[in-house]
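What follows is a set of notes on a single structure, which appears directly below.
A, B, ... follow the sequence lines: proteins, then strands. Residue 1 opens every chain.
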There are 2 protein chains.
Amino acid sequence: MVNGTAPVAEKTRHRVLKAIEELDYTPNVLARGLITKRSGGIGVIVNDLTSPFFGSILDGIEAEVEAQGMHMIVASGHADAKRESKAIHFLRQRLPDAMIIQVDGTSDPELLELAAHKIPTIVFGRHITELGERCIYLDNEQGGFLATQHLIDCGHSRIGHIAGPLTIADSRARLQGYRRALEGAGTPYNRGWVIEADYLEAGGYRATRHLLERTCDLSAIFCSNDQMAAGALQALREAGIRVPEDVSIIGYDDIPLARYLYPSLTTIRQPLFEMGRAVAEIAFKALAGKRAEVRHKFEPELIERESVQCPE
Amino acid sequence: MVNGTAPVAEKTRHRVLKAIEELDYTPNVLARGLITKRSGGIGVIVNDLTSPFFGSILDGIEAEVEAQGMHMIVASGHADAKRESKAIHFLRQRLPDAMIIQVDGTSDPELLELAAHKIPTIVFGRHITELGERCIYLDNEQGGFLATQHLIDCGHSRIGHIAGPLTIADSRARLQGYRRALEGAGTPYNRGWVIEADYLEAGGYRATRHLLERTCDLSAIFCSNDQMAAGALQALREAGIRVPEDVSIIGYDDIPLARYLYPSLTTIRQPLFEMGRAVAEIAFKALAGKRAEVRHKFEPELIERESVQCPE
DNA sequence: TTGTATGCGTTATCAG
DNA sequence: CTGATAACGCATACAA
């Protein structure tokens, strides 16, 4: 009756409502969930809660979830298979109405199996054909290509790349896009121009210093995210190398701070917030047994600022 | 028996374990929670999941929680009384083993009432005397003082302040520290030197422009967080004002990106990660009925980098 | 040592 | 339209 299941007479209705008020009674979610197999929350798992990258995504998801009067419970998986698995099971046990999961250590088949259960499961940041509309992702290969091609269009040819951890699919895709652009321009892939780092500022800083030791003829560097680009900027500054006069830098993500770096960072924008909203919308529609009318594949976009210019 | 409650014969033990394996049986947390009033999770609520500030805190909490083999479920309250209350109740309903809450819209008495229930509740970022050891906080007034005093020690006297939203206690405390330092130096408080913003980069940028329109004789600005300082740096740069030669800037928080700004940001460090760890430790000890041997009041610390120098 | 009954707080079902 | 009762999946206490 509290949930409008049964039709009630006005009189009894009032009596009950009054009693509820007096005892400030709160329905026990656990007991209720035992029957309905529902908890009224959306489970969300992402690699890490700290970075501005996932921050924007969570923001988008939260906006939509809150608009629906629901809540999200989030956990982090740290791109590690074991931790992801624990986090996923922890969340599943709480019977969320739907799950949104962004992981890197978990394989496609495992994800497929998860999605096969009753709880609607949406995958963020991966394209799994069998999942159809239940995933949302961005073309990172194209993003890497876009970034590198922009440098090429500006007249650069000796272009380095600071990659993210190559255990992460996004990192590999961006690297792949970098190679495609380079090869399209007739520049063979040069191993010495590429270095792997960790998506953190300090990592980008160290990687840049290593790159500088290895070779000093680079005229541009494509960093696989903005945080590493911030580190690169700093390393170049300390080395007395001017950006963008001597070396151009391009980042990836367009985090809020990107435009406040010096020089302001040219970068590849991913519509993280919008993607967060969209994935939540898919979840809610799936919950209602409907298909969501949203985009599933998003396109990266070049944001031109001041850290790139023609060589010389 | 699964939880080691009863002594069992080896034989049956094996039989059960095998069955568990075969049916890949997972205990139903809800049914179990119905009895034990426990869920194996730590509920965490913070203002917002996006900012690097709360990111560091969550990182610290997570480190400790994970070390204990538990999980955390986090929700955000956005410094808004209504949203905070909803988030808190949402989490409480799930019967977390303990709760860590950082809020701004909720009053001390309300918090006290929450803490009076069975679920151990620890308050982050506020000093509530009645809660005793159940809270952990930092002296923001002292931090504001430290920042301003550093500028004064460098020889500045015309010092502006970009405050955070004054609805937030931390913002008010930092402003208070600013006033104390100024008055200690014999400089009367000047309303025109202070402006309220929103803790975001863009807000700091706009605030700085307003400040510049109002008066052009400021030789230093104390920003209530690093993100606003980043905006200030950009606004000054665009106005052709050199930092630190013409105007000194000091921030607050020491977010990871602070040292990668240009010029690298002098700021007030708060041991956010350590505080996160500590608050989680208090929670676990409270769970075990013990007191935690940790610090409850943390001290802000000046981090000198390049954005401050003597005037002239 | 093992099996069995009872209760946790709901929702759902089925007579009344 | 109402009231009583079973069932959800587990822990606990007690009897076998």
Counting heavy atoms from C-beta on, name the nucleotide in C/dT11, C/dG9, C/dG7 closest to the side chain of A/Thr36. C/dT11
In this structure, how many angstroms lie between the C1' atom of C/dA12 and the CG atom of A/Leu34, rounded? 13 Å
Could you note down all residue pairs passing salt bridge (Lys or Arg N to Asp or Glu O under 4.0 Å) where residues 74-84 of chain A supplies at least one of them, sequence neighbours left out? A/Arg83-B/Glu66
Is there a side-chain contact between B/Asn140 and B/Tyr252 in this structure, where contact means two heavy atoms from C-beta onward sitting under 4.5 Å apart? yes
By nearest nucleotide on DNA chain C, pick out whichever of B/Lys37 and B/Arg15 is the more 5' one. B/Arg15
Could you check how far CZ of A/Arg38 sits from P of C/dA12, rounded to whole Å? 11 Å
Counting N and O atoms only, with roles assigned by atom type, does the side chain of A/Arg172 sit under 3.5 Å from a partner on the main chain of A/Pro165, one being a donor and the other an acceptor? no
Tell me if a side-chain donor or acceptor on A/Glu110 pairs with a main-chain N or O of A/Ser107 at a distance below 3.5 Å. yes
Round to a whole Å and report the spacing from CG of A/Leu95 to P of D/dC8. 15 Å
Report the nucleotide, chosen from D/dC10, C/dG9, C/dT11, that has the shortest atom-to-atom distance to any side-chain atom of A/Arg32. C/dT11
Would you indicate whether the side-chain heavy atoms of B/Leu138 and B/Pro271 approach each other to under 4.5 Å? yes
Calculate the interatomic distance between B/His14 atom NE2 and C/dT2 atom P; express it in whole Å. 13 Å
For DNA chain C, just give me the dot-bracket, please: Watson-Crick or G-U, both distances below 3.5 Å, ( ) intra-strand, [ ] crossing earlier pairs, | paired with another strand, . unpaired. |.||||||||||||||
Rounded distance in Å - CG (B/Leu30) to P (C/dT10): 13 Å
Measure CD1/A/Ile35 against C1'/D/dT5 and give the value in whole Å, please. 12 Å
Please report the distance, rounded to the nearest Å, between CG in B/Asn28 and C1' in C/dG9. 14 Å
A cation-pi test, strictly: NZ or CZ of A/Arg295 under 6.0 Å from the centre of the six-membered ring of A/Phe298 and no more than 45 degrees from its axis. Yes or no? yes
